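Beneath this line is the structure, given in structure tokens, with notes to follow.
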2 protein chains.
Amino acid sequence: MLPELKIQQLRYVITVVDEGGFNAAAKRVHRTQPALSMAVRELEQRLGQDIFERGGKSQLTPFGQFCLPRFRELLGQHDRVVKDVVGQADGRQGHVHIATVPSVASRIMPPLLADFIERFPDLTISLHDENAHYVCQMVAQGEVDLGITSLWQSDDDLDYTHLFEDKVGVVCHRSHPLASRSSIDWQSLQGEKLIRNGTSRLLMGTEASELVENSAFYISNMISLIAMLEAGAGVTTLPQLAFPEHNANLCFIPLQEPDVVRRIGLVKASNRTLAPAAQIMEGFLLERLKDEPE
Amino acid sequence: MLPELKIQQLRYVITVVDEGGFNAAAKRVHRTQPALSMAVRELEQRLGQDIFERGGKSQLTPFGQFCLPRFRELLGQHDRVVKDVVGQADGRQGHVHIATVPSVASRIMPPLLADFIERFPDLTISLHDENAHYVCQMVAQGEVDLGITSLWQSDDDLDYTHLFEDKVGVVCHRSHPLASRSSIDWQSLQGEKLIRNGTSRLLMGTEASELVENSAFYISNMISLIAMLEAGAGVTTLPQLAFPEHNANLCFIPLQEPDVVRRIGLVKASNRTLAPAAQIMEGFLLERLKDEPE
DNA sequence: CCACCCCATAAGGATTACTTATCTTTCAAT
DNA sequence: ATTGAAAGATAAGTAATCCTTATGGGGTGG
């Protein structure tokens, strides 16, 4: 019932006004003069009123004067929307939400993100750190675009791309008898006071699982765990990345037998398309982290 | 360089979202489902990003979620502009500026405009009263859309349509010797103290012109003129419409010889198209005033 | 497993948009 | 006046677009 304006017609009208004539306007929009004449006429017919004075020099009718500011405003908003949308579409602008496990957040991401924001200065980033389970949950629920974590469990809603492996080792005080060893097997740990933590599940299903089952302590908080170890109150196992790199009192000894690794990968929702900015981030992370063990 | 959105595509996208699917949306916009599929796909290709999730149930991608509110806003403004513009185009809405000589403004226009605003309640009107010369000038300069006046002088910029004639007569105090006459010729006025006014030029070029030339008084203000006449200070000539209808002290005697009339007509700018609302007004005035002497 | 619903794809036709070529008007210069 | 240049209108042919009918494929629920 109501007619529908075409953005192009509006642009033609406005250009004719601004350039002062159909010929000049035609050049400006890279069309021929008849194209504009006909397009404008078609618009006039649909509205039932002339926009330009018939005889003479492309002057606006009163009706045209009424229309012009509205056309300008509409066209202005159109162009603004296009700019925003294509900026978003080609990944120049946007915001990426990432969730990772704490060790990755603190050891891997900082230099990586510093490079990223230099290469894509108009993209902004949020980085959450959560445990592996909650990272997957955030990705699945769409709270974040991407997760970097070990896979909690296979999940049809999640799309996992392996990035690198993280060796599990034993962490103890440097005065501990085991501290001088360059590698350890699980039997050597029998009799040690083993403190479990959130990553201990990695040992389940290996020869070392009974160590975990017999452990009486569980500490989830990393700060508390470190403090316990620094007090010489026991030993624990950690993936290497989760071991505080520059700690002067603790040492990390790779576990040889069994050879346990934490598989770290990029996780995204399988049933959802990534936002353009997140696609950029995905490519960047794959390029920088794929098969690089640290 | 930047792509150009089409209003219709935006409407399709929004309808698909609101209706929850392509089929339902197609019904709503009276198109077939493939038409929407293809139109949306074409938009997606031009933006380089999908708006709807590919597999599944017409869900928005994150990019689509980004676009949607902007599309809605743009479409909303479009529809608003269309509504305004067509309302203006078909004369439902608008404002008409009219200028008339004072006699027409006070004697002709009031009942006429009362009818008009009843028939066209969404149209608003400005009515200026000025002397004949200035009415023409306002029309020529575009300050008003229409003028109702006698033509000051033939003017190529003005388009004159005759409406009716207004007989000139002599106005004097009812106690004046001439007051009982039913008509007067110019000789009868010789020796009378004639007060000139703005309409006296109507007598120029007739046998009565020497009366005007010999007149010593000129009063432009109608109130002052009436006061002078009521004081019995002389006589004057006025078109009948300019004579205050219900004045108890003055009387109007038609001038027979010469038979002078003021030609009243509708004036508009010849080189400009009337605004739609003004076209409505023009038609109304012609219908109501054409050849009706009062 | 089948039927159904929904969207995607393909092919053909109708409409719309644009181009080149030509005409008309206007304004100005001589 | 006559002519020339410039601007817009018109006409016809072509390219692009939009939409339709017909059909294919992938899920979901009975």
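Just so we're on the same page: letters track the sequence lines, and every chain starts at 1. Everything quoted here is computed from the prediction, not taken from an experiment.
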Exercise. Going by number, which of residues 37-47 of chain B have a non-hydrogen atom under 4.0 Å from DNA chain D?
Worked result: B/M38
For this session: Begin from the C-alpha positions of B/R263 and B/L202 and carry the test side-chain contact (heavy atoms from CB on, under 4.5 Å) through to its verdict.
Result: CA-CA 10 Å; B/R263 294 171 51 81; B/L202 291 166; over 6 Å; no
Problem set entry | Those residues that, when tested against B/R262, pass salt bridge (Lys or Arg N to Asp or Glu O under 4.0 Å) (two or more places apart) | B/D166
Exercise. NA contact type, A/F52, heavy-atom cut-off 4.0 Å: base, sugar-phosphate, or nothing?
Worked result: nothing
Please produce a list of atom pairs where a protein N or O lies less than 3.5 Å from an N or O of nucleotides 3-5 of chain D.
none

Problem set entry | For B/D90, salt bridge (Lys or Arg N to Asp or Glu O under 4.0 Å) partners two or more places apart | B/R92
Exercise. Could you state the CZ-P distance from A/R11 to C/dA17, rounded to the nearest angstrom?
Worked result: 16 Å
Exercise. Between A/Q49 and B/Q279, is a side-chain contact (heavy atoms from CB on, under 4.5 Å) present by the stated rule, with each step listed?
Worked result: CA-CA 11 Å; A/Q49 286 288 330; B/Q279 294 176 19; 3.4 Å; yes
Exercise. A/F63 vs A/F66 aromatic rings, parallel, tilted or perpendicular, using cut-offs 30° and 60°?
Worked result: parallel
Seminar exercise, completed: Within residues 19-34 of chain B, the residues having a heavy atom closer than 4.0 Å to DNA chain C are B/G21, B/F22, B/N23, B/Q33, B/P34
Exercise. So which pairs with a foot in residues 3-53 of chain A pass ring pair (Phe, Tyr, Trp, His ring centres under 6.0 Å), sequence neighbours left out?
Worked result: A/F22-A/F52
For this session: May I ask you to verify if any side-chain N or O of A/K6 is less than 4.0 angstrom from the OP1 or OP2 atom of C/dA17?
Result: yes
For this session: Compare all side-chain heavy atoms of A/H78 with those of A/R11 and state whether any distance is below 4.5 angstrom.
Result: yes
Exercise. Hey, is A/R28 close enough to A/D18 for a salt bridge, meaning N to O under 4.0 Å?
Worked result: no
For this session: Locate the shortest heavy-atom distance separating B/I280 from B/G91; write the atom from each residue and the value.
Result: CG1-CA, 4.2 Å
For this session: In sequence, state the C-alpha distance, the side-chain angles, and the governing distance for B/L68 and B/R72, and then conclude on side-chain contact (heavy atoms from CB on, under 4.5 Å).
Result: CA-CA 6 Å; B/L68 197 71; B/R72 275 195 205 281; 3.7 Å; yes
Exercise. Rounding to a whole Å, what distance do you find between A/Q8:CD and C/dT16:P?
Worked result: 15 Å
Problem set entry | Phosphate OP1/OP2 of D/dG8 contacted by A/S58 side-chain N/O (<4.0 Å) | yes
Problem set entry | Side-chain N,O (A/Y12) to OP1/OP2 (C/dA17) below 4.0 Å | no
Problem set entry | Gap between atoms CG and P, on A/L36 and D/dA7 respectively (whole Å) | 13 Å
Seminar exercise, completed: B/R54 CZ to D/dG25 P, in whole Å, measures 18 Å
Exercise. Does any non-hydrogen side-chain atom of A/T15 lie less than 4.5 Å from one of A/K27?
Worked result: no
